[in-house]
2 protein chains.
Amino acid sequence: MIKNLPHKTIERLSQYRRALLICLDSGKTHIYSHEIARIQHITAVQVRRDLMLIGYTGTLRKGYNVKELIDLIGQIIDSDDGIHVAIIGMGNLGRALINYFAGKRSQLRIVAGFDINPDKIGNTMSGVPCFGIDDMESTIQKLDIRIGIMTVPADFAVEVADKLVKSGIKGILNYTPKPVNVPKDVYLEEYDMITSLEKVAFFVKMHSETE
Amino acid sequence: MIKNLPHKTIERLSQYRRALLICLDSGKTHIYSHEIARIQHITAVQVRRDLMLIGYTGTLRKGYNVKELIDLIGQIIDSDDGIHVAIIGMGNLGRALINYFAGKRSQLRIVAGFDINPDKIGNTMSGVPCFGIDDMESTIQKLDIRIGIMTVPADFAVEVADKLVKSGIKGILNYTPKPVNVPKDVYLEEYDMITSLEKVAFFVKMHSETE
DNA sequence: ATTTTTTTGTTAAAAATTTAACATTGTTAA
DNA sequence: TTAACAATGTTAAATTTTTAACAAAAAAAT
Ligand SMILES: NC(=O)c1ccc[n+]([C@@H]2O[C@H](COP(=O)([O-])OP(=O)(O)OC[C@H]3O[C@@H](n4cnc5c(N)ncnc54)[C@H](O)[C@@H]3O)[C@@H](O)[C@H]2O)c1
Ligand SMILES: NC(=O)c1ccc[n+]([C@@H]2O[C@H](COP(=O)([O-])OP(=O)(O)OC[C@H]3O[C@@H](n4cnc5c(N)ncnc54)[C@H](O)[C@@H]3O)[C@@H](O)[C@H]2O)c1
């Protein structure tokens with residue numbers, strides 16, 4: 001690991017990579033900082049600063065080598081041998097996520113789903129087997145799952161999080177609107193779609209009032 | 001509008017409200033800053049500071065009046081007469097979102113969905129009618145829709161965003177992994193689930209290396 | 001050959017955000 | 001009654017994040 005990269009830089013590196021992969025597909029071999037910036041709605045300085053932080057140096061007047069940069073970002077943010085991920089709650093959102101991730105990034109592989117509904121247990125969705133919630137602890141350990149994505153109904157969020165922690169999971173991505181608590185050796189990221197929408201609504205309102 | 005609230009404060013206000021609504025249900029009439037803080041994984045000082053910014057003052061030693069605070073946050077972030085929202089792309093994610101929002105916050109009402117698939121057009125999902133993408137501009141204007149949530153395949157993101165802008169939309173929440181461009185009088189929020197997951201993975205990796 | 005342009009890389013400044021410090025004041029308890 | 005306590009509200013400091021400024025150097029233009 002190079003050093004303590006700012007959280008925001010990590011997020012942007014992930015986004016840069018996505019943009020770079022698209023560039024690569026379109027046959028581009030080099031890209032300027034201002035081109036990356038334009039795509040991400042940020043400034044070119046910020047891009048250059050982020051790349052400086054990870055120690056990548058481009059070619060003056062030619063920009064950055066797309067392939068090299070993709071590889072370097074991979075070295076920074078990916079784990080050497082991939083990370084196994086589980087989805088807890090195979091409902092609407094869980095299914096949508098599995099569908100979405102299926103075959104996307106091989107580095108982060110959803111290898112299991114868990115649910116409480118007997119109708120779902122034993123089935124496979126987009127190649128991901130669904131296990132019973134009671135087998136969660138053992139399955140997580142057996143399959144060496146490190147990250148859990150929570151998409152259960154909000155009322156079960158807390159108990160599922162506790163169970164995940166007990167199973168030895170190292171990171172939780174909580175899509176439930178209910179905040180949960182985890183010990184500090186477990187990395188927790190919570191995202192609430194309503195907050196995003198309310199934020200958009202607020203700025204829309206503000207803009208219409210100040211125009 | 002009180003004043004220029006920091007973006008981060010807006011996000012937290014939305015989250016506070018969610019937590020407060022749950023408190024209200026459980027019969028609590030007052031809440032301390034440190035209780036709110038605990039739920040949101042932040043500090044009590046930050047809560048008090050945010051509330052100071054919106055000019056709410058609690059009762060010393062008794063905390064904040066839950067109901068009053070909910071109402072005040074509503075006055076700050078909600079629009080007086082609600083805002084109409086549309087979902088563009090009634091696939092897995094679009095359906096999940098509609099389901100989720102259905103009957104949640106009356107202030108932000110999903111009043112229409114749009115899709116290109118003839119099988120979906122004309123149907124209703126959880127009470128939300130699905131229109132054809134070709135009717136988007138007229139429908140948005142007719143129903144006074146201000147915000148669009150984009151859940152179309154990434155390849156269509158740019159053209160749909162352009163269309164939304166042309167229709168006079170004021171805010172876009174883009175769940176597509178493809179960044180789009182909008183004029184600066186349109187508020188744009190982009191969220192990428194892969195970035196979130198990669199961020200969690202990074203910190204899991206980092207922690208395991210430095211332990 | 002020399003000047004201009006364009007782009008990177010880096011240091012410094014600015015802005016935004018969080019945290020700390022602490023004064024204030026009801027409430028409880030001695 | 002007075003002292004200790006526990007909470008808020010606010011100013012100030014610290015931290016984090018973004019932006020600006022500018023030096024360096026390769027390429028292009030003159
Ligand atoms: N649908 C969305 O777009 C959306 C958006 C944001 C947040 N969310 C949140 O995500 C969560 C899931 O939403 P959804 O629309 O997919 O709901 P859903 O009801 O479709 O799915 C929930 C799934 O969890 C399973 N489940 C219930 N209790 C469980 C338990 N104890 N252990 C394991 N599995 C259990 C159910 O059987 C079901 O399959 C909710 O908390 C919701 O608030 C959903
Ligand atoms: N599913 C997820 O969990 C998830 C997560 C993050 C991001 N995303 C992104 O969200 C988007 C949708 O994902 P999904 O899983 O719902 O995909 P999906 O294929 O299930 O749904 C896409 C829908 O959009 C419709 N559509 C296609 N072209 C259109 C157009 N030009 N105008 C209007 N509608 C059109 C399709 O008919 C379909 O109903 C994708 O860009 C995906 O990358 C999905």
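Basis for what follows: all heavy atoms, side chains included, without hydrogens, waters or symmetry-related copies. Here the structure is a predicted model, which is why all the values come from computation and not from measurement.
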For A:Val45 and A:Pro6, take the nucleotide of DNA chain D holding the closest heavy atom to each; which residue's nucleotide lies nearer the 5' end?
-> A:Pro6

Pair B:Glu190, B:Tyr175: side-chain N/O donor-acceptor within cut-off below 3.5 Å | no

Before accepting this row, confirm whether a basic side-chain N of the pair A:Lys199/B:Glu189 lies closer than 4.0 Å to the acidic partner's carboxylate O.
-> yes

Can a donor-acceptor pair be found between the side chains of A:Glu198 and B:Ser14 at a distance below 3.5 Å?
-> yes

Spacing between B:Lys62 atom NZ and D:dT8 atom P, to the nearest angstrom = 13 Å

Atom CZ of A:Arg49 to atom C1' of C:dA15: distance rounded to whole Å?
-> 14 Å

Does any N or O in the side chain of A:His41 come within less than 3.5 Å of the main-chain N or O of B:Val180, such that one atom is a donor and the other an acceptor?
-> yes

Euclidean distance, atom CG of residue B:Leu53 to atom C1' of D:dT11 [Å, nearest integer] = 13 Å

Separation of atom CD1 in A:Ile42 from atom P in D:dA20, rounded to whole Å | 14 Å

Would you mind reading off the distance between A:Leu60 atom CG and C:dT7 atom C1', rounded to a whole angstrom?
-> 5 Å

Between A:His41 (NE2) and D:dT18 (P), how many Å, whole number?
-> 15 Å

Whole Å only: how far is the CD atom of A:Gln46 from the P atom of D:dA21?
-> 16 Å

With nearest nucleotides of DNA chain C determined for A:Leu51 and B:Arg61 from heavy-atom distances, which residue corresponds to the more 5′ nucleotide?
-> A:Leu51

Write down the partner of C:dT24 under the Watson-Crick or G-U wobble criteria, each distance required to be under 3.5 Å.
-> D:dA7

Taking atom P of D:dT18 as reference, at what distance in whole Å does atom NE2 of A:His7 sit?
-> 13 Å

Could you tell me whether the side chains of A:Asp50 and A:Tyr16 share a donor-acceptor contact shorter than 3.5 Å?
-> yes

Ignoring backbone atoms, establish whether A:Tyr32 has a side-chain N or O less than 4.0 Å from OP1 or OP2 of C:dG9.
-> no

Are OP1 or OP2 of D:dA6 and a side-chain N or O of B:Arg48 less than 4.0 angstrom apart?
-> no

Base, sugar-phosphate alone, or nothing: which one does A:Ser33 contact when heavy atoms must sit under 4.0 Å apart?
-> sugar-phosphate

